[in-house]
S.K.: 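Let me begin by handing over the structure; questions about it come next.
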Amino acid sequence: MKRLFLLLSLITFSLNAQQKETVDLKWTIADTLTYKTLMQDTISEESTEKTKSDSISVKMSDMFKAMQKQFSNLKYETKLFPSKNGNVDIIMMFKKEQADTAENVFSGLAKMNENVVLRGKVSPEGELLSFYYEEDQKNLISMLFELPTEPVAIGDEWELKVNMISLKQNFKADTLYKNNIVRLKDVEIRNGNKIAVIEYDLEEYVSGDLGNVMMAIFSKDQSDKKTFMKMSYKATAEFDLDKGYWVVYDGIMDIETNFSLMGMSGNKRTVFKLIPEK
């Protein structure tokens, strides 16, 4: 009986030890690492009926949609390379392929900035260091490249340094919530390498009064209604613990709102992908 008890105790201890085994996610960037980068937007078509009698709004909406279509067809690449002090510098660039001959407003602006559309800096441990950039740029760097700075076990959760919703002081909130969870889902062995599977589940919501004057400018039908905005981000990524970088990264950001700019729906979905170039 004692032997059976000892055997069960050893099995239990062994299982607990395996469950609590930790891994350390760190960027290992000895040279330039390049990712083919996808950031593709789609916009819902729900607000045109509300403004069909307003020719100005319809024209503005059509203009925004045309710009959005141009924006969604842009191609990017992201480069990670070691900085002089041992950190990791990140540059996302607009990439014009030889087959692309037409210029648009976005590619023209990118060209003025040497085709750079985003910069950031993280430590090898994945801590966001580029605190000095605008909020939307810091958010994107955090979502794509921030890592847990401490060892984590399967099931462990942590937060990203992001604030997705940003409104002006004229907005008066009455309902709000925020969910910010990143989780180590699993650790798998593939072709002899350890792969950490990470899940992202972020959501922010706020509703309240934007101000009748502001609402009347952009939407006559909603000047007396509560304004709301909801942003969510869900992703699955795979980090090669031996190589020290993402081998798979797939994310989706959704924006839902009843705030319409000149007849243009605020509802949008953006697909993010990082594909390492061989």
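What you see is a predicted model; the values in this text were computed from it and never measured. These values consider heavy atoms only, across backbone and side chains, with no hydrogens, waters or symmetry-generated copies.
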S.K.: Quick check: is Leu144 connected to Ile181 through a chain of hydrophobic side chains (ILVMFWY, heavy atoms under 4.5 Å apart)?
M.R.: no

S.K.: Does the side chain of Thr227 come under 3.5 Å of the side chain of Asn258 through a donor N or O and an acceptor N or O?
M.R.: no

S.K.: Can you name the nearest heavy-atom pair linking Gly251 to Ala235, along with the distance?
M.R.: CA-CB, 3.5 Å

S.K.: Answer yes or no: is there a donor N or O on one side and an acceptor on the other, between the side chain of Asn170 and the main chain of Leu210, under 3.5 Å?
M.R.: yes

S.K.: Would you say Asp242 has more than 12 foreign heavy atoms packed within less than 6.0 Å of its CG?
M.R.: yes

S.K.: Taking Glu157 for its side chain and Val182 for its backbone only, find out whether a donor-acceptor pair lies under 3.5 Å.
M.R.: no

S.K.: For Asn267 versus Thr257, what's the shortest heavy-atom pair and its separation?
M.R.: OD1-N, 2.8 Å

S.K.: Can you name the nearest heavy-atom pair linking Asp89 to Ser83, along with the distance?
M.R.: OD2-CB, 3.2 Å

S.K.: Given 3.5 Å as the limit, does a donor-acceptor pair link the side chain of Thr37 with the main chain of Tyr35, or not?
M.R.: yes

S.K.: Report yes or no: does Tyr205 contribute a side-chain atom to a donor-acceptor pair with the main-chain N or O of Thr175 at less than 3.5 Å?
M.R.: no

S.K.: Between Asn115 and Lys95, is any side-chain donor less than 3.5 angstrom from a side-chain acceptor?
M.R.: no

S.K.: Determine yes or no for a side-chain-to-main-chain donor-acceptor pair under 3.5 angstrom, with Asn180 supplying the side chain and Leu160 the backbone.
M.R.: yes

S.K.: So, applying ring pair (Phe, Tyr, Trp, His ring centres under 6.0 Å) with Trp27, which one of Phe239, Phe81, Tyr245 is it?
M.R.: Phe239

S.K.: Look at Glu77 together with Lys36 and state whether they make a salt bridge at an N to O cut-off of under 4.0 Å.
M.R.: no

S.K.: Can you check whether Lys273's main-chain N or O pairs, donor with acceptor, with Asp250's side chain at less than 3.5 Å?
M.R.: no

S.K.: Using distance alone, with no hydrogens and no angle criterion, decide if Thr270 and Asp41 have a side-chain donor and acceptor under 3.5 Å apart.
M.R.: yes

S.K.: So that I can tick it off, tell me whether Lys226 and Asp209 are bridged by a salt bridge, with the cut-off set at under 4.0 angstrom between side-chain N and carboxylate O.
M.R.: yes

S.K.: I would like to know whether Tyr177 and Glu203 meet side-chain hydrogen bond (donor to acceptor under 3.5 Å, both in side chains); could you show each step before the answer?
M.R.: CA-CA 8 Å; Tyr177 65 80; Glu203 186 172 281; 3.0 Å; yes

S.K.: Flag yes if more than 12 heavy atoms outside Glu134 fall under 6.0 Å of its CD atom; otherwise flag no.
M.R.: no

S.K.: Write down the atom of Leu241, the atom of Asp24, and the distance for their closest heavy-atom approach.
M.R.: CD2-O, 3.8 Å

S.K.: Any salt bridge linking Lys26 with Glu150? Criterion: basic side-chain nitrogen under 4.0 Å from a carboxylate oxygen.
M.R.: no

S.K.: Ion pair present between Arg269 and Asp254, side-chain N to carboxylate O less than 4.0 angstrom?
M.R.: yes

